[in-house]
Structures are given as structure tokens and as C-alpha cells.
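Since the structure comes first, as C-alpha cells, the remarks are kept for the end.
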Amino acid sequence: MDRSQSQSSAFQADFVYTDAILSDFEALYQAKGTVSLPVRIVCGVLGVAGALYFGFELYSQGFGIARVGYLILCSLMILVACSSRKRSGADDTLKKYRKHYENRRVTFRIDESGLEMKLEGQKNYARSKFQQIYGLYETERCFYFVIKGKAYYILSKEAFSPEDRDALHTYMERHCKKKFQSFQV
């Protein structure tokens, strides 16, 4: 793994997408789309209590737009509580990343104009300006820069020294005007 800093690029990294990196991405992708157990419990309890209360109010006092609205809101809370922990469509996305990235060398360049990624065997570069990045995530192993709902730049932290990881973290937050969300996977 190589990391160098030059006048034209603020950060450069060159590494291979390993099974460990892609497994980390898969864990992040699943974790990012889930509702935590405590939130599900709270939504379930409040949803059931609210549905019972507003259902009784609707039954005993007749139709009222506010009562109907609250009843619908409580029903939605129950749905959140009962929701599956697995993201819909995640399997296809994860399979595509593994198919196209595993054991392939990638080169990243991050500078004032944005982020550029070149994947071994591809003719074109993937480029994004900072304003196109709408999500910054990190795990212990990787940085993730989200440009579309299912499009991620995956950057291994091992490609950088600890000092350069911190500098890149700060640089991306400043240029994207967003904070990193950390995930334990």
C-alpha cells in the first residue's frame, strides 16, 4: 500500500480491494440501513399505546381529523418497530461490489477539485466534486464516501499512516461540509 502527498494532490492512495475490505463494506451497508433495537422497542411501545388510545378516542368521540392522523402516525411507528433488519435490494448491490472490486487494485486521488478513483482494468475514472458527496461514513477499517444511494467510494484506512488518516478525515469534513458518521461493524 502506498500513500504519497504531492503538490497537485492533497491525498493519494493505491491498494487492492481485499475480502476483508469488502466484508467491512457489506457490514456497513447492512448496519446503515437498520433501525436499532432500542429505537424499534420505543416505536413499538409508543405505537401500540397510541393506536389503542387514539383508536378508542375515535370510537368513543367520533371522526376527528387529528385523531385519524395520530392513529395513522401510531400505525407507522408500529411498522418501524416490526420492520425487517435487512435492507431490501442489499444483496444485489453487495454482489455487484464484490464482483467488480474484489482483488482489484484501485488508485485514489483527492485534491481541491474533488475525488477521483481509478479501478484496475477500467478505462474511465470515477470523479466526484465535494458537493456531490452527500454522506461520509467510517468504520475502523475504511472511509466511505457516498455519492448516490448505492454508490460508494471505499477507501481503506490502511493505505494511510495514522496521521494522514486524521488529516484526510478533517480534509473531507471541511470540503464536503459534512461530519463523518462512525459505525462499529
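Since we're looking at a predicted model, the values are computed, not measured. Residue indices begin at 1 and follow the sequence shown.
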**Message:** What verdict does the side-chain contact (heavy atoms from CB on, under 4.5 Å) test give for Tyr153 and Ser128, after you've listed the backbone C-alpha separation in whole Å, the side-chain angles of each residue and the deciding distance to 0.1 Å?
**Reply:** CA-CA 10 Å; Tyr153 289 109; Ser128 294; 2.7 Å; yes

**Item:** Test side-chain contact (heavy atoms from CB on, under 4.5 Å) applied to Tyr101 and Val106, step by step
**Value:** CA-CA 9 Å; Tyr101 283 45; Val106 64; over 6 Å; no

**Request:** Check step by step if side-chain contact (heavy atoms from CB on, under 4.5 Å) holds for Phe25 and Arg98.
**Result:** CA-CA 10 Å; Phe25 170 64; Arg98 190 160 290 275; over 6 Å; no

**Asked** Given Leu155 and Leu115, is the side-chain contact (heavy atoms from CB on, under 4.5 Å) satisfied, shown in steps?
**Response** CA-CA 11 Å; Leu155 184 54; Leu115 185 121; 5.6 Å; no

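You'll find the side chain of Glu158 reaches within 4.5 Å of the side chain of Arg141, heavy atoms only. At least one side-chain heavy atom of Phe145 sits less than 4.5 Å from a side-chain heavy atom of Leu136. Side-chain contact between Phe108 and Phe15: present, with at least one pair of heavy atoms (C-beta onward) separated by less than 4.5 Å. For the pair Thr107 and Gln12, the minimum side-chain heavy-atom distance is 4.5 Å or more. Under the 4.5 Å side-chain criterion, counting only non-hydrogen atoms from C-beta, Glu102 is not in contact with Tyr17. Taking 4.5 Å as the limit, every side-chain heavy atom of Tyr97 sits out of range of all side-chain heavy atoms of Tyr29.
Residues Tyr134 and Met172 are members of one and the same hydrophobic cluster, defined by side-chain heavy-atom contacts under 4.5 angstrom among Ile, Leu, Val, Met, Phe, Trp and Tyr. Put simply, Phe54 and Phe63 are part of the same group of oily side chains (I, L, V, M, F, W, Y) that touch within less than 4.5 Å, one to the next.
A donor-acceptor contact shorter than 3.5 Å is absent between the side chain of Arg105 and the backbone of Glu120. Of the possible polar contacts, one joining the Lys157 side chain to the Thr139 backbone as a donor-acceptor pair under 3.5 Å is found.
To the nearest 0.5 Å, atoms SG (Cys176) and NZ (Lys129) are separated by 13.0 Å. Rounding to the nearest 0.5 Å gives a distance of 11.5 Å between NZ of Lys99 and NZ of Lys95. A distance of 10.5 Å separates OH of Tyr144 from CZ of Phe183, quoted to the nearest 0.5 Å. Rounding to the nearest 0.5 Å places CG of Leu119 at 11.5 Å from CG of Asn124. For the atom pair CD (Gln132) and CZ (Arg127), the distance works out to 11.5 Å, reported to the nearest 0.5 Å. Atom CD of residue Glu138 and atom CG of residue Asp24 lie 11.0 Å apart, to the nearest 0.5 angstrom.
By the 6.0 Å contact criterion, CD on Gln184 is open, its count of non-hydrogen atoms from other residues, nucleotides or ligands being 12 or less.
Cys142 approaches Ile21 most closely through the heavy-atom pair SG-CG2, 3.8 Å.
The distance between the ring centers of Phe180 and Phe143 falls below 6.0 angstrom.
Phe11 and Phe160 have perpendicular rings, their planes meeting at more than 60° on a 0 to 90° scale where under 30° would count as parallel. Ring orientation note: the planes of Phe130 and His175 are tilted relative to one another, at an angle of 30° to 60°.
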